[in-house]
Amino acid sequence: MNAMHTFQYGIDHLTSNIAIRLARGQLRGVISDAAKQAIAQSAAHVENIVQSQQTVYGINTGFGPLCTTLIDVHDTRKLQENILKSHAVGVGAPIERLLSKLMLILKIHALAKGYSGVQWSTVERMLWHVDNDIIPVVPQQGSVGASGDLAPLSHLFLPLIGLGKVWNGEKTVDTVSVLQANGLRPLSLGAKEGLALINGTQFMAAHGVLAVADMHNLLTNADLIAVLMLEGLNGSIKPFSEELHALRPHRGNQYVAGTIFNLLQGSGIVESHKNCSRVQDPYSLRCIPQIHGASRQAWLHLKDAVETEINSVTDNPIIINSELTISGGSFHGQPIALPMDYATLATAEIGNVSDRRVYLSLEGDVAGVPKLLLRSTGLNSGFMILQYTTAALASENKSLCFPASADSIPTSLGQEDHVSMGAISGRKLRQVIDNVGRILSIELLCAAQAVDFHRPLRSTPIIEAVHQEIRRQIPHIEEDQIMENILQSAHDLVRSGTLVQLAERVAAADGVPYHGHHASLFNNF
């Protein structure tokens, strides 16, 4: 990225964080002269192919099983328009606007590399949509992740030819009305352009981009909340010792163990029970580094796969030059479908172990911490039913853990005889991430309540600041009440990253250690 706080499509290296900043308008994307030249040169290659009457898939042939059907040179433009119309068969509710905008951004970056044969006017119009926040409406279902995300991408680019719907402000409207209001006309697509637009993995990859960011936030919250629960349940600091994890040096384990050790080191609550008779804690407390750490490793796999994908050219055929076009399989979603399924399982496990810690906090087996986390029970049910919700969400996640990429249904009359189902992988992953965020928010409530019963003992500066922020927004509970607003406040704390940001600020201000070994590996995306 350059010093002017802009991102050069097709030139600079794209990350999940940068892509999200572009989509939120926090960073401006531009096309440099070098990228314009590459786009123009690639378009010239396609024009040369058309004029020389070479037979090249998607330029002067039909698509899929019609790849042997030659198209007259005068019909090549109509062919490209027809492919957008015929493939726009997505169904279901629209994906969120941010996700559609990310799809546009990822496609612009891929096309700007200059291997797709599109015209500059097409990329320019896509930039107009992004810069003016006129975002196409895309249904969430219909992609099998074969020739990429054919149906979602077709809907994404119908507006280029004046069709489909777009978000304009908070409303969805017909594209043609927005174009007319802005003095614009529908584009006339050139040879290869329709195929270049709808071949690619941008629907899957956009889900992956958001998942990388949201899963990282979940994992960091999970470590903080687990430490709060360790304090509430008088957990031992010993299982997080560096000496132990040096003997089994998985990087995720070492990072989590070091982080938790740092967050507990010097705690008055830990000091108060260091000579207790309890020999060891239950697994959900003692094995946090092994469980959270394994999910960290899965996140790292996902991040690396997504980052490679969003900096790749994933359409077909690839235009190397006028003499060399390659019809390959760069659109196939398997390279990110598998990591997204893996990440789904890894995220669900964070919810599973969080539910177990919630259950532990209700048992009343820790000195000073009452059963069901309330002093007066019988008339009051306390926090008992909160664990029903975590159990329900954890169970739902288990049903979502079946890997979509394990399935394949042949399409395109057998031409596409193995498909990745990566679009479903991405959608499931984001659903599980949302569910686990809600589970963690309930653990946060239970952990903060348990810590209250240890007063006047104090934890470490970071954990005290976290607990204080929770109590600033959510009071200690003394009797049964409707929990809807409290649950929402807790979920907002987790989803927003407020506690994570607070922990970082306290660590920096007080000069106290926070993250464990390999922080540069697990904190950058």
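These values consider heavy atoms only, across backbone and side chains, with no hydrogens, waters or symmetry-generated copies. All of these numbers come straight from a predicted model, not from anything done at the bench.
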Looking just at side-chain N and O atoms, do D341 and S405 make a donor-acceptor pair shorter than 3.5 Å?
-> yes
Any pair counted as side chain to side chain donor-acceptor pair (under 3.5 Å), so long as it reaches residues 136-146, sequence neighbours left out | S143-D149
Are a donor atom and an acceptor atom from the side chains of E469 and T498 found within less than 3.5 Å of each other?
-> no
In Å and rounded to the nearest 0.5 Å, what is the CG to CG distance from L440 to D223?
-> 10.0 Å
Would you call D434-R430 a salt bridge at under 4.0 Å N-O?
-> no
Do S376 and E479 have side-chain atoms, one donor and one acceptor, less than 3.5 Å apart?
-> no
Rounded to the nearest 0.5 Å, what separation is found between the CZ atom of R438 and the CG atom of L393?
-> 8.0 Å
Using the ring of Y359 (Phe, Tyr or Trp, six-membered ring only), decide whether R356 places NZ or CZ under 6.0 Å from its centre and within 45 degrees of its axis.
-> yes
Please round to the nearest 0.5 Å and tell me the distance separating atom CD1 of I350 and atom CE of M215.
-> 7.0 Å
Could you tell me how the ring of H207 sits relative to the ring of F203: parallel (under 30°), tilted (30 to 60°) or perpendicular (over 60°)?
-> tilted
Rounded to the nearest 0.5 Å, the CD1 atom of I20 sits from the CG atom of L27 at a distance of 12.0 Å
Do N234 and I269 come close enough that some side-chain heavy atom pair is under 4.5 Å?
-> yes
I108 vs Y9, side-chain contact (heavy atoms from CB on, under 4.5 Å): CA-CA, chis, key distance, verdict | CA-CA 7 Å; I108 292 170; Y9 287 113; 3.6 Å; yes
Among all residues two or more places apart in sequence or in another chain, which pass the side-chain hydrogen bond (donor to acceptor under 3.5 Å, both in side chains) test with D214?
-> none
Is any NZ, NE, NH1 or NH2 atom of the basic residue among K371 and D365 found under 4.0 Å from an Asp or Glu carboxylate oxygen of the other?
-> no
Hey, are Y255 and H515 close enough side-chain-wise for a donor-acceptor pair under 3.5 Å?
-> yes
Would you call E464 and R455 a salt bridge, taking side-chain N to carboxylate O under 4.0 Å as the test?
-> yes
Carboxylate-amine/guanidinium contact R97 D133, below 4.0 Å = yes
Polar side chain donor-acceptor pair, H250 to Q290, under 3.5 angstrom | no
Do other residues, nucleotides or ligands put more than 12 heavy atoms under 6.0 Å from the CZ atom of R28?
-> no
H332-H418 side chain donor-acceptor pair, cut-off 3.5 Å = yes
Side-chain donor-acceptor pair present, Q449, H476, cut-off under 3.5 Å = yes
Between T411 and E416: side-chain donor-acceptor atoms closer than 3.5 Å | yes
Hey, can you tell me if F525 and W299 have their rings parallel, tilted or perpendicular (30° and 60° cut-offs)?
-> perpendicular
Side chains of N352 and E349: is there a donor and an acceptor less than 3.5 Å apart?
-> yes
